[in-house]
Amino acid sequence: MSAPKNRTFQIEAFKFKHQVGVDPKYAEKTWNILEHAIHEIYNHNASGNNFEELYVNAYNMVLHKFGEKLYSGLVTTITFHLKEMSSSIEAAQEGLFLEELNSKWEDHNKALQMIRDIFMYMDRTFIPSTHKTPVHELGLNLWRDVVIHSSKIQTRLQDTLLELIQRERDGEVINRELMRNITKMLMDLGSSVYQNDFEKQFLESSAHFYRLESQKFIQSCDCMEYLKEAERYLNEEKERVSHYLDAKTEVKITNVVEKELIESHMVRLVHMENSGLVNMIVDDKYEDLGRMYSLFHRVPNGFALIRDVMTSYIQQTGQQLVAEDPEDFVERLLDLKDKYDKIIGLAFSNDETFQNAFNSSFEYFIDLNARSP
Amino acid sequence: MRKEDTVKLISAEGFEFVIDKEAAMVSQTIRNMLTSPGSFAETEHGEVTFPEISTVILEKICQYFYWSLQYARGKETEFPIEPELTLELMMAANYLHT
């Protein structure tokens, strides 16, 4: 507000409207009122409470230098309620664990907001000067320490989440919204909580899963089917992330899938009997070639592998052609060129490096032929 | 003024000031009170009691709210404050976070 005009005046003795003493008994009484209010809030009993009365109590405590008592009292009271919530969550039956956790989390958040509003004066003045944690953050930290990191809940939470994801992979329908609320809760508590309490295990167990899956498939499928499966899994994981995981997980899980499904089996896939790269080229399987291109694109050396195999095959066929030296050599040569141009255009997105590789291998065996100009 | 857009502020002596919600929300404290998720008595009845603030001060504060809205809209006038009121006014302003 704007400063008053400079004039000499008498300041009357400022009298407090209430009988406010600075003795500890007053503080004790005031604190009890507030503590009672917090209990009411957590017991869903808060309607009808007079906000102003609570606010003025908190205000007075801070004003009369009882901020410390207020703050530590707050910590104790919230911790007490969180321990209660914790027991109730631990006691939840199978299948209701996540729901119980989620509903208590929502309760806590609502209570925390109301508490923060009541203690706003303390947040504004006492906390910055003493460098303590503000009320909202304090509430989150306490939740994290008392509930999430309690020994019984921490492992159960992780196991339940992973189990549900595995069930979904096996084809079951799970409650995605509930999953999203839980992962969002973990993110709200801090991305390190999300990573340590969930993401790390998720990536590890997924890697394990895909390693086993790829072993199964590589024995039973041919190359083209395998690639279709790989593509399907990649899409599935992407969709999973978008529905109920944090966006940053997408890159990490994609890497895991690429590594286990594609990179580990790249060489075997390309050289597979009756269905590998060479067969695809011979049979003009553009769609499968395109799929191989886009999948191998994601892994290091994927392209180099395709290029090398293709180059050596071209050189081989070319050399054969040169050795045979048939009548329609030139025509056959042009046919070959058309074929590969089409492949590079349709399946390999006109990739320049492939074009160059193709050109140089062509040159190689054309040079072998003494007849070519 | 429509009933829904107003809020009643009651002073220590029981005087009632009915002002626009928009004006009252110049005070952060009142804003929080009215937008808090809990169903406090204030939000239900649309009235807030200030047993610590006298009528004279509360009246000045209401004037301040309106002046503040006007100032934000570009009308840059002065806000006169009688020196006798300053101390109490400052305490109230601190309390109301204005």
Side-chain angles (χ1 to χ4, degrees), chain A residues 1-20 37-38 40-64 106-126 135-136, chain B residues 7-13 26-55 57-58 60-61 63-65 67-68 71 76-98:
Chain A
M1 300 172 84
S2 45
K5 300 196 180 70
N6 271 339
R7 244 196 275 159
T8 48
F9 53 86
Q10 302 273 33
I11 301 179
E12 291 180 1
F14 185 73
K15 290 201 269 284
F16 283 106
K17 296 284 188 292
H18 291 187
Q19 267 302 33
V20 169
I38 299 181
E40 298 268 274
I41 291 177
Y42 270 105
N43 292 335
H44 304 145
N45 230 354
S47 37
N49 265 347
N50 196 325
F51 178 92
E52 209 271 328
E53 192 184 311
L54 300 172
Y55 184 84
V56 85
N57 277 323
Y59 168 82
N60 278 332
M61 274 190 85
V62 177
L63 204 60
H64 295 109
E106 278 173 17
D107 284 348
H108 175 66
N109 263 334
K110 187 152 175 257
L112 196 57
Q113 249 188 310
M114 288 178 18
I115 293 176
R116 192 201 47 196
D117 286 340
I118 295 176
F119 286 69
M120 181 64 75
Y121 188 76
M122 180 181 80
D123 244 3
R124 258 203 297 144
T125 49
F126 176 72
V135 175
H136 187 75
Chain B
V7 56
K8 199 189 282 186
L9 306 183
I10 307 177
S11 76
E13 287 96 12
V26 171
S27 151
Q28 282 298 324
T29 310
I30 298 183
R31 179 189 291 254
N32 279 341
M33 250 188 244
L34 296 175
T35 55
S36 186
S39 44
F40 289 111
E42 281 85 357
T43 36
E44 302 279 300
H45 302 135
E47 41 183 72
V48 192
T49 324
F50 295 107
E52 300 224 334
I53 306 184
S54 73
T55 314
I57 302 294
L58 193 55
K60 204 73 192 171
I61 288 180
Q63 287 172 357
Y64 174 75
F65 289 154
W67 175 84
S68 166
Y71 196 94
E76 300 190 359
T77 50
E78 280 206 14
F79 186 69
I81 301 181
E82 292 77 12
E84 313 83 68
L85 301 179
T86 356
L87 192 52
E88 283 192 44
L89 208 49
M90 257 188 8
M91 296 278 299
N94 185 30
Y95 177 76
L96 290 174
H97 197 178
T98 305

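Quick note on labels: first sequence line is chain A, next is B, and so on, each numbered from 1. Side chains are part of it too, since the values below use all heavy atoms of this structure and drop only hydrogens, waters and symmetry mates. This structure is a prediction, so every number in the text was calculated from the model and none was measured.
Put simply, the side chain of A:Asp117 does not reach to within 4.5 Å of the side chain of B:Arg31, judged on heavy atoms. At a threshold of 4.5 Å between non-hydrogen side-chain atoms, the residues B:Glu52 and A:Asn60 count as touching. Side-chain contact check for B:Phe50 versus A:Val56: every heavy-atom pair is 4.5 Å or farther apart.
Neither the backbone nor the side chain of A:Arg116 comes within less than 4.5 Å of any heavy atom in chain B.
Every residue two or more places apart in sequence or in another chain was checked for a ring-ring contact (aromatic ring centres under 6.0 Å, His included) with B:Phe65, and none qualifies. The ring-ring contact (aromatic ring centres under 6.0 Å, His included) check on A:Phe119 picks up nothing, with sequence neighbours excluded.
In this structure a side-chain-to-backbone donor-acceptor pair under 3.5 Å is present from A:Tyr55 to B:Tyr95.
Taken from NE2 in B:His97 to CE in A:Met120, the straight-line distance is 8.0 Å, to the nearest 0.5 Å. Residue B:Asn94 holds its CG atom at 5.0 Å from OH of A:Tyr59, rounded to the nearest 0.5 Å.
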